[in-house]
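Residue numbers count from 1 along this sequence.
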Amino acid sequence: MTRLRSAALVGNPNAGKSALFNALTGARQKIANYPGVTVERKSGRLVLPSGEPVELTDLPGSYGLHPTSPDEAVTAKVILGQFPGESAPEVLVIVLDASNLEQHLVFAQEVIALGRPTVVALNMIDLAERDGLVLDPQALEKALGVPVIPTVAVRRRGLDELAAAIAGAEARAAAPHAEHPRPHIDLTERRLSAHAIAEAAIVSETSRHRLHARLDKVLLDPWIGPLILFALLFVVFQAVFAGAAPFADAINTGVSALGDAVRAAMPPSLARDLLTDGIISGVGSVVVFLPQIVILFFFILAMEASGYMARAAFLMDRMMARVGLSGRSFIPLLSSFACAIPGIMATRSITDPKDRLTTILIAPMMTCSARLPVYAVIIAAFIPNRSVGWGVGLQGLVLLALYVSGIVGAMVVALVLRRSVTKGAASGFIMELPKYQMPRIKDMAIGLWQRAWIFLRRAGTIIFTVTVVLWLLLNFPRAHEGQNQVDASFAGHIANGLAVVVEPIGFNRDMALSLIPAMAAREVAVSSLATTYAVQAADDNAGSQQLGERLRGSWTLPMALAFLAWFVFAPQCMSTIAVTRRETNGWKWPAFMLAYLFALAYVAAGVTYWSAVALGL
Ligand SMILES: Nc1nc2c(ncn2[C@@H]2O[C@H](COP(=O)(O)OP(=O)(O)OP(=O)(O)O)[C@@H](O)[C@H]2O)c(=O)[nH]1
Ligand SMILES: [Mg+2]
């Protein structure tokens, strides 16, 4: 058996390493148009033209071999073979952004100076051409002393040539004379020679950056910029409600029809109840939110791919600086809107440990997409679907307010933490602004499909399991004649205990009951309410009703608002706590996070409930 040879993709952030990795190995690593997307190494298999397999590793972007942040440390360790039990990759594939050549050559020279078999992928030549740059790869090859292959990762151009060069580089590695390390040159020298090399490799340059420069002037303007950002977010949340409605209705109808069909086809039994009241009503109540998730991610992905997201980070920097964070925290916090887990992982690109810790601690307050179903079901049930003027929907407005509450809460907490627990000097903001790009339809489609799949898989696994367990706990032990089933059940007893604690903040027993399984995954709050009310309805012979109607029948508006407030702040799922433990190396910070978020959620829900009651809502 031949040994699997190894190669690694190295280079500055946002050079297109992950895009190349995906193109070469068929993987689907996340790519986005801002630096710091990849924070962990990831391996895949590349098949060389000879049919020989190579283990290819995608690495976090880096500016040098002397790491300044945890993600850069991973890159340096892999390149230098410092991970225990692993040898250094045999071939280093340096990925350069052709339209940003001078800057990317600084790190490239450091890697080449290691004297290892190296190939350069001169990536993004399409963007260089678009910007009016004409490059001479041969000149670059001569200056660097290693093969240079022009590529366009996202259009799969130059891949075969690159694979062939990787194969060739390996052959060179086998030759005995190839192991001469080049003399080491320091950073200043590398900068100077990067300038010279880039100058020699650039044949002609006609400035076509003007349109983009003008765009940046507007989008990054200290006054207009934030307005545009806010307007954009506004549109997003309006669209989440308005655009999803027909699709959500269709899914809803489908789920109801399925429940009715099962009811008609099976004789009454516990098994039938498990299917209808447990699985179909529970899981179905969550799946209904698929269209909203897809719409939300459509906007997020489009902003990421176009390069706007990095501009948003730049805009937020001033606000972040005021609470003692840097704009660097923006991307991790933004990722947390999808899910706090990748968000917390993304903090690895933050250099300052205290900055990083603060960002980890507030990340759960960014509204993860798992909370969208909870918000949406309550809003749809309690907030009238009407316009507040100019075609602005009240429901979308409330949703935006919930997201904003989380953000404001996080900023306040950051401010407090930075003056107490994570005290330290604020670090400056250094982030390259990526080039504007038209989002590519294929990438968007893949991205949306991935998000939809993640959502559906959660519905089919964790939400399904928790719902079944809850249904069992709700149905056993069986009630005596004349006794309410939920009262008699295990779940009812547990909820009664918890209800004592949450009664002061306006929660009833059913709400209390939904809080426990929601620790497994946020969406389960919805499915557990659906299951609880379905079991109750079966018990009362109330017939099948939509979840929204049941909620309206048993909750008041202040209760609903308090429930929303709880979910803005309450600690996230177990997985978030677990990843916090891993990223902070211990239980201290996850415990702290759990405690402060519970306290905050309790107070927020209580204040909301009693204010709403006082206002007579
Ligand atoms: N036009 C064009 N865009 C590209 C090319 N290669 C990558 N991109 C885009 O450039 C952006 C960055 O690509 P990534 O693959 O995420 O970059 P990366 O080097 O992995 O970045 P980090 O993980 O942050 O280090 C994405 O929006 C890609 O779609 C290319 O050859 N041409
Ligand atoms: Mg990457």
Visitor: In chain order, what residues pass the salt bridge (charged side-chain N to carboxylate O under 4.0 Å, His left out) check against D487, with sequence neighbours excluded?
Guide: R509

Visitor: Please examine the side chains of L333 and M316, heavy atoms only from C-beta on, and report whether any two atoms are closer than 4.5 Å.
Guide: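 No, side chains not in contact.
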
Visitor: When rounded to the nearest 0.5 angstrom, what is the spacing between CG in L448 and CH2 in W453?
Guide: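 Reported value, rounded in 0.5 Å steps: 16.0 Å.
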
Visitor: Going by atom type alone, with no hydrogens or angles, which donor-acceptor pairs under 3.5 Å involve a side-chain atom of residues 223-235 and a protein atom two or more places apart or on another chain?
Guide:
none

Visitor: Using the ring-ring contact (aromatic ring centres under 6.0 Å, His included) criterion, which residues pair with Y533? Sequence neighbours excluded.
Guide: none

Visitor: If we count only N and O atoms by modelled type, under 3.5 Å, do the side chains of D58 and S18 hold a donor and an acceptor together?
Guide: yes

Visitor: Between I378 and W555, is any pair of side-chain heavy atoms under 4.5 Å apart?
Guide: yes

Visitor: Looking at residues at least two apart in the chain, or sitting in another chain, which of them share a side-chain contact (heavy atoms from CB on, under 4.5 Å) with L474?
Guide: L470, V486, S489, A491, L513, T531, T532, V535

Visitor: Does the pair N33 and M309 meet the rule for a side-chain contact (heavy atoms from CB on, under 4.5 Å), with working shown?
Guide: CA-CA 8 Å; N33 195 7; M309 217 46 122; over 6 Å; no

Visitor: According to side chain to side chain donor-acceptor pair (under 3.5 Å), does anything in residues 513-527 pair up with another residue at least two apart or in another chain? List the pairs.
Guide: R458-E523, T467-S527

Visitor: Which pairs count as side chain to side chain donor-acceptor pair (under 3.5 Å) when at least one residue sits in residues 375-400, sequence neighbours excluded?
Guide: none

Visitor: Any non-hydrogen side-chain atom of P332 less than 4.5 Å from a side-chain atom of I350?
Guide: yes

Visitor: Sequence neighbours left out, what passes side-chain contact (heavy atoms from CB on, under 4.5 Å) with A612? Give chain and number order.
Guide: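 Residues passing side-chain contact (heavy atoms from CB on, under 4.5 Å) with A612: P558, L561, L617.
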
Visitor: Where do P504 and Y602 come nearest, in terms of heavy atoms and distance?
Guide: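 Answer, listing the atom of P504 first, then Y602: CG-OH, 3.6 Å.
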
Visitor: Please, which pairs that meet ring pair (Phe, Tyr, Trp, His ring centres under 6.0 Å) have at least one residue in residues 394-414, sequence neighbours excluded?
Guide: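 Found F237-Y403, F337-Y403.
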
Visitor: Enumerate donor-acceptor pairs with a distance under 3.5 Å from any side-chain N or O in residues 297-305 to protein atoms, sequence neighbours excluded.
Guide:
unit_1, atom_1, unit_2, atom_2, d
E304, OE1, K30, NZ, 2.7
E304, OE2, K30, NZ, 3.3
E304, OE2, Y34, OH, 3.4

Visitor: Does anything in residues 583-595 form a side chain to side chain donor-acceptor pair (under 3.5 Å)? List the pairs, not counting sequence neighbours.
Guide: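 Only R348-E583, R356-E583 qualify under side chain to side chain donor-acceptor pair (under 3.5 Å).
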
Visitor: Which heavy atom of P291 sits nearest to which heavy atom of F247, and what is that distance?
Guide: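 Looks like CG-CB, 3.5 Å.
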
Visitor: Would you call Y596 and P571 a side-chain contact if the rule is heavy atoms closer than 4.5 Å?
Guide: no

Visitor: What side chain to side chain donor-acceptor pair (under 3.5 Å) pairs are there with at least one residue in residues 357-368, not counting sequence neighbours?
Guide: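 Sorted pair list: S329-T359, T358-T422.
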
Visitor: Taking salt bridge (charged side-chain N to carboxylate O under 4.0 Å, His left out) as the test, write out the residues that go with D510, two or more places apart.
Guide: none

Visitor: Test side-chain contact (heavy atoms from CB on, under 4.5 Å) on V408 and V404; report intermediate values, then the result.
Guide: CA-CA 6 Å; V408 172; V404 170; 3.9 Å; yes

